[in-house]
Amino acid sequence: MMVEWSKKAEEQISDAIAARAHGGTSINWSIGLYAFMESAAMYLRDWPSVIKAVHAAREGRDEEAANLLEESDAEIQQIASLWSPTMHYVTICDLIEDHPDSDLTLDGPYCGAFFSTDPETPFVGLVFKGTHPESWSEVLVDLHYLPIHATKGHLWETHVSRGVYTTLFDKFAKLEGQTPFDYIKDALFAIASGLHSEAQIDVHITGHSLGASYATLFYAELVRLYQNNPDDPVFNLPVRLTPRDLYTFGSPRVALEDFTDVFAMAMDMHDGSSWRIVSAGDPVTLVPPVLVTDAKFIHLDKGYQVCENAPPEEMKSERNSHPRPPIPMITNMTYHRSQLSQLKSALSQAGLSRQQQNGKKRKRTPLDEKEKEKKAAKLQEIQRKMNPFDTKVTKLKHDVGGRKITGVTGKPAQSKQAGIEQRKKTLLKELQDRDRAGGIIDRRFGENDPTMTPEERMLERFTRERQRASKGEAFNLEDEDELTHYGQSLSKLDDFDNVGLGFDEEEEEEQIDKRTVQRSHFGGFDDEEEDDDEDGQPERKKSKAEVMAEVVAKSKEHKFMRQAQQEEDENLRHELDQELDSLRSLLYAADPGATAEPVGEDAPEAESHPTTTLNVEDRHEDKEYDQFVRELAFEKRAKPKDRTKTEEELAKEEKEALEKAERRRIRRMNGEEDENDSDEEGAGKKKRRQRGGR
């Protein structure tokens with residue numbers, strides 16, 4: 001059917017894609033038809049394949065699950081390609097089998113995006129799926145119509161439908177504590193940033209039935225964020241991302257009059273429009289069931305009613321007027337009115353109802369703790385009486401007097417909630433850890449917390465380390481902090497000048513106290529066994545400061561001994577250097593070419609000894625100089641390296657190497673002898689002939 005509709009409406013769909021699904025101040029029915037086709041295509045998903053994919057994922061067959069999910073969207077992809085070759089579809093949020101943290105009876109939204117990759121007409125269409133007839137959880141979302149006050153700035157803090165608001169703005173465990181609105185918004189911006197287009201990217205939102213309720217609240221919150229801060233980097237990707245139009249089909253009432261008033265003012269300042277299209281006789285548009293005395297849920301403005309044999313008719317605004325009551329078949333209003341009257345009477349009897357004040361308002365006195373507790377107890381008792389299904393009573397077959405029986409009365413709702421919480425703590429963790437290969441868990445402080453900066457992580461780890469180190473030392477009175485000097489520990493310093501030796505500041509020479517001299521210089525092995533000191537009192541246990549003082553004194557003593565030994569060695573070395581001059585003449589022999597000098601009386605007066613020593617030294621230096629010169633002559637000289645070749649020369653060498661390799665390859669193919677092999681054989685024969693000639 002969708003294929004036939006797409007072929008019949010080919011012209012209107014093409015016009016809508018060319019306009020990027022953005023109309024003006026009046027409704028464009030070509031764009032409206034295209035938005036309706038998008039909403040209808042969401043029902044083409046193959047749900048049996050989705051269920052098989054869920055079972056495959058739970059059993060650890062991830063690849064099979066991914067293939068099944070891709071097959072479930074194949075028909076939607078086919079319809080998108082019929083509209084335009086550049087149209088594509090992707091599923092964004094699939095929470096139809098998951099529940100918000102605050103209400104486990106509700107299911108989350110399901111939505112996808114149709115986007116155009118044409119660089120000239122880029123746009124994105126966000127589509128929410130409506131209620132599935134066989135999904136009771138989605139039906140409960142529709143029936144949770146009691147108004148709720150939006151918090152945290154959402155939706156201008158107005159009153160909207162509880163079921164839709166909870167499933168769109170409450171946190172989900174599957175999304176790791178993120179709300180579906182934030183998750184869908186991030187995915188929408190990621191798709192838009194991936195289009196890589198220089199033109200502005202327009203976003204339109206649509207949905208049918210329950211999907212229309214999701215689309216209305218999502219569009220309102222997105223417009224609110226855009227108007228509050230249009231220069232937000234979220235909306236300013238490489239190109240500007242702008243929310244445009246909203247198209248809803250068969251939408252129920254989703255908000256009270258305060259929301260519709262603020263939404264109408266926001267749309268007057270926004271470059272976009274909201275269009276509500278209703279089919280004649282659709283009972284879903286009359287939900288939730290309201291009366292004149294109940295909360296007044298109303299529709300948004302700019303509604304059009306379409307009929308089979310008549311042109312579309314614009315509907316009147318429900319603002320500032322009472323909407324007509326729904327048909328009686330939708331729900332039993334008698335039960336709701338009786339419950340409301342019972343609640344009002346119970347509150348008035350308990351004295352908890354507010355009295356109407358006439359005239360000047362008086363300030364309320366704050367309640368103390370006891371009055372608050374009494375009020376809370378009364379409200380709890382009223383709630384227990386108003387909900388008869390919260391207590392289950394088991395009748396006894398034989399009532400025996402004096403016997404204590406447990407389990408006669410029970411609370412199924414509380415028991416169910418406690419069981420769910422228990423399964424979350426046990427079975428859910430086992431399910432999450434089932435396919436993990438290792439058992440190592442990252443327990444570093446702040447490692448998985450994106451809100452902590454690296455400096456805060458380091459500070460937290462340092463604090464935990466100090467706390468762990470100080471554990472067990474609360475009653476250790478002798479354990480003091482480590483002494484430091486200019487940021488360095490005294491236990492690691494080698495030079496302990498003026499540290500813990502107890503000398504007088506007025507004395508110029510350093511002195512060591514009497515106890516240190518006695519213990520360090522003249523102490524024996526039996527000092528530790530002495531129990532009495534000079535005063536006859538028992539020797540007390542040394543403190544850490546006294547022990548450190550002894551260590552400092554011993555260190556100074558060893559350092560002084562090392563310095564004295566070093567000075568003594570230096571003096572001995574200097575003396576040996578001085579005596580070497582007298583032994584230098586004995587280290588050199590006389591020149592053998594010189595003539596023998598006469599001995600005795602005929603011998604001439606010999607030259608002084610210092611002159612001979614000087615000549616010997618000069619000859620020795622000349623000999624060393626000649627040796628250095630000869631070494632320099634035979635030393636291997638540096639050779640210049642090859643110059644840097646140009647690009648032409650490198651290309652020429654590469655070309656020659658390739659041609660040479662190609663010639664060798666051709667020779668090998670033809671069975672011919674390679675040139676290199678023949679050259680090597682010739683060189684080997686020549687060498688053998690040379691060896692034979694020798």
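Numbers for residues simply follow the sequence, beginning at 1. Just so it is clear, the structure is predicted and the values come from calculations on it, not from any experiment.
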- Task: Give a yes or no on whether the backbone of E63 and the side-chain of N67 come within a donor-acceptor separation of less than 3.5 Å.
- Result: yes
- Audit row: Y247, S274, side-chain hydrogen bond (donor to acceptor under 3.5 Å, both in side chains) steps and yes/no: CA-CA 6 Å; Y247 288 88; S274 170; over 6 Å; no
- Message: Would you say CD of Q432 has more than 12 non-hydrogen atoms from neighbouring residues, nucleotides or ligands within 6.0 angstrom?
- Response: yes
- Message: What verdict does the side-chain contact (heavy atoms from CB on, under 4.5 Å) test give for T158 and L256, after you've listed the backbone C-alpha separation in whole Å, the side-chain angles of each residue and the deciding distance to 0.1 Å?
- Response: CA-CA 8 Å; T158 55; L256 301 188; over 6 Å; no
- Item | Pair D449, T451: side-chain N/O donor-acceptor within cut-off below 3.5 Å | yes
- Message: With heavy-atom distances below 4.5 Å as the criterion, would you say the side chains of V127 and Y89 are in contact?
- Response: no
- Message: Does the plane of the ring in F181 sit parallel, tilted or perpendicular to the ring in F218? Use 30° and 60° as the thresholds.
- Response: tilted
- Could you go through the salt bridge (charged side-chain N to carboxylate O under 4.0 Å, His left out) check for R45 and D94 one step at a time? CA-CA 12 Å; R45 195 182 195 195; D94 187 359; 2.9 Å; yes
- Is there a side-chain contact between I76 and D73, using heavy atoms and a 4.5 Å cut-off? yes
- Task: Starting at CZ of F169, measure out to OG1 of T151 and round the result to the nearest 0.5 Å.
- Result: 10.0 Å
- Message: Under 3.5 Å, is there a donor on one side chain and an acceptor on the other for S30 and D15?
- Response: no
- Closest non-hydrogen contact found for Q78 with S81 is O-OG, 2.7 Å
- Query: Rounded to the nearest 0.5 Å, what separation is found between the NZ atom of K129 and the CG atom of L210?
  - Reply: 8.0 Å
- Query: Are any of the side-chain nitrogens in D182 or K171 under 4.0 Å away from the carboxylate oxygens of its partner?
  - Reply: no
- Task: Kindly determine whether T285 and S251 satisfy side-chain contact (heavy atoms from CB on, under 4.5 Å), including the steps that lead there.
- Result: CA-CA 6 Å; T285 60; S251 173; over 6 Å; no
- Any side-chain heavy atom of D271 within less than 4.5 Å of one from R244? yes
- When you look at OH of Y304, are more than 12 heavy atoms from neighbouring residues, nucleotides or ligands closer to it than 6.0 Å? yes
- Item | Side-chain heavy atoms of R319 within contact of I298, under 4.5 Å | yes
- Message: Nearest 0.5 Å, please: how far is OG1 in T25 from NZ in K302?
- Response: 7.5 Å
- Task: Kindly assign one of parallel, tilted or perpendicular to the pair F263 and W156, based on the angle between their ring planes and the thresholds 30° and 60°.
- Result: perpendicular
- Query: Considering only heavy atoms from C-beta outward, does the side chain of T248 approach that of T206 to under 4.5 Å?
  - Reply: no
- Item | Non-hydrogen side-chain atoms of H208 and Y43 separated by less than 4.5 Å | yes
- Any donor-acceptor N/O pair, S279 side chain to G250 backbone, under 3.5 Å: no
- Start with the C-alpha distance between H22 and I31, add both sets of side-chain angles, then the distance that settles side-chain contact (heavy atoms from CB on, under 4.5 Å), and finish with yes or no. CA-CA 7 Å; H22 173 48; I31 300 177; 5.5 Å; no
- Does anything in residues 56-88 pair up under ring-ring contact (aromatic ring centres under 6.0 Å, His included), and if so which pairs, sequence neighbours excluded? Y34-W83, W83-F114, H88-F115
- Closest heavy-atom contact between A215 and L246? O-CD1, 3.8 Å
Output side-chain donor-acceptor pairs under 3.5 Å for residues 306-313, partner residues at least two apart or in another chain, one line each.
none

- Item | E456 atom CD, over 12 foreign heavy atoms within 6.0 Å | yes
- Query: So does R253 pair up with E318, basic N to acidic O under 4.0 Å?
  - Reply: yes
- Item | Working for side-chain contact (heavy atoms from CB on, under 4.5 Å), residues H159 and Y165 | CA-CA 10 Å; H159 293 80; Y165 177 81; over 6 Å; no
- Point-to-point distance, once rounded to the nearest 0.5 Å, from OG of S209 to CG of D282: 7.5 Å
- Message: For E120, is the CD atom crowded, meaning more than 12 foreign heavy atoms sit under 6.0 Å from it?
- Response: no
- Message: Give me the atom names and distance for the closest heavy-atom approach of E38 to G125.
- Response: OE2-CA, 4.3 Å
- Item | Check: L44 and M2 side chains under 4.5 Å, non-hydrogen atoms | yes
- Task: Assess the side chains of D202 and T242: does a donor N or O sit below 3.5 Å from an acceptor N or O?
- Result: no
- Message: Counting C-beta onward and ignoring hydrogens, is there a side-chain heavy-atom pair between T216 and L300 closer than 4.5 Å?
- Response: yes
- Task: Please assess D245 against H204 for the test side-chain hydrogen bond (donor to acceptor under 3.5 Å, both in side chains), listing each intermediate value before the final yes or no.
- Result: CA-CA 5 Å; D245 297 344; H204 69 276; over 6 Å; no
- Message: If you compare all heavy atoms of L155 against all heavy atoms of R224, which two are closest, and at what distance to 0.1 Å?
- Response: N-NE, 3.9 Å
- CZ (F128) and CE (M42) are apart, to the nearest 0.5 Å, by 9.0 Å
- Query: To the nearest 0.5 Å, how far apart are NZ in K425 and NZ in K429?
  - Reply: 8.5 Å
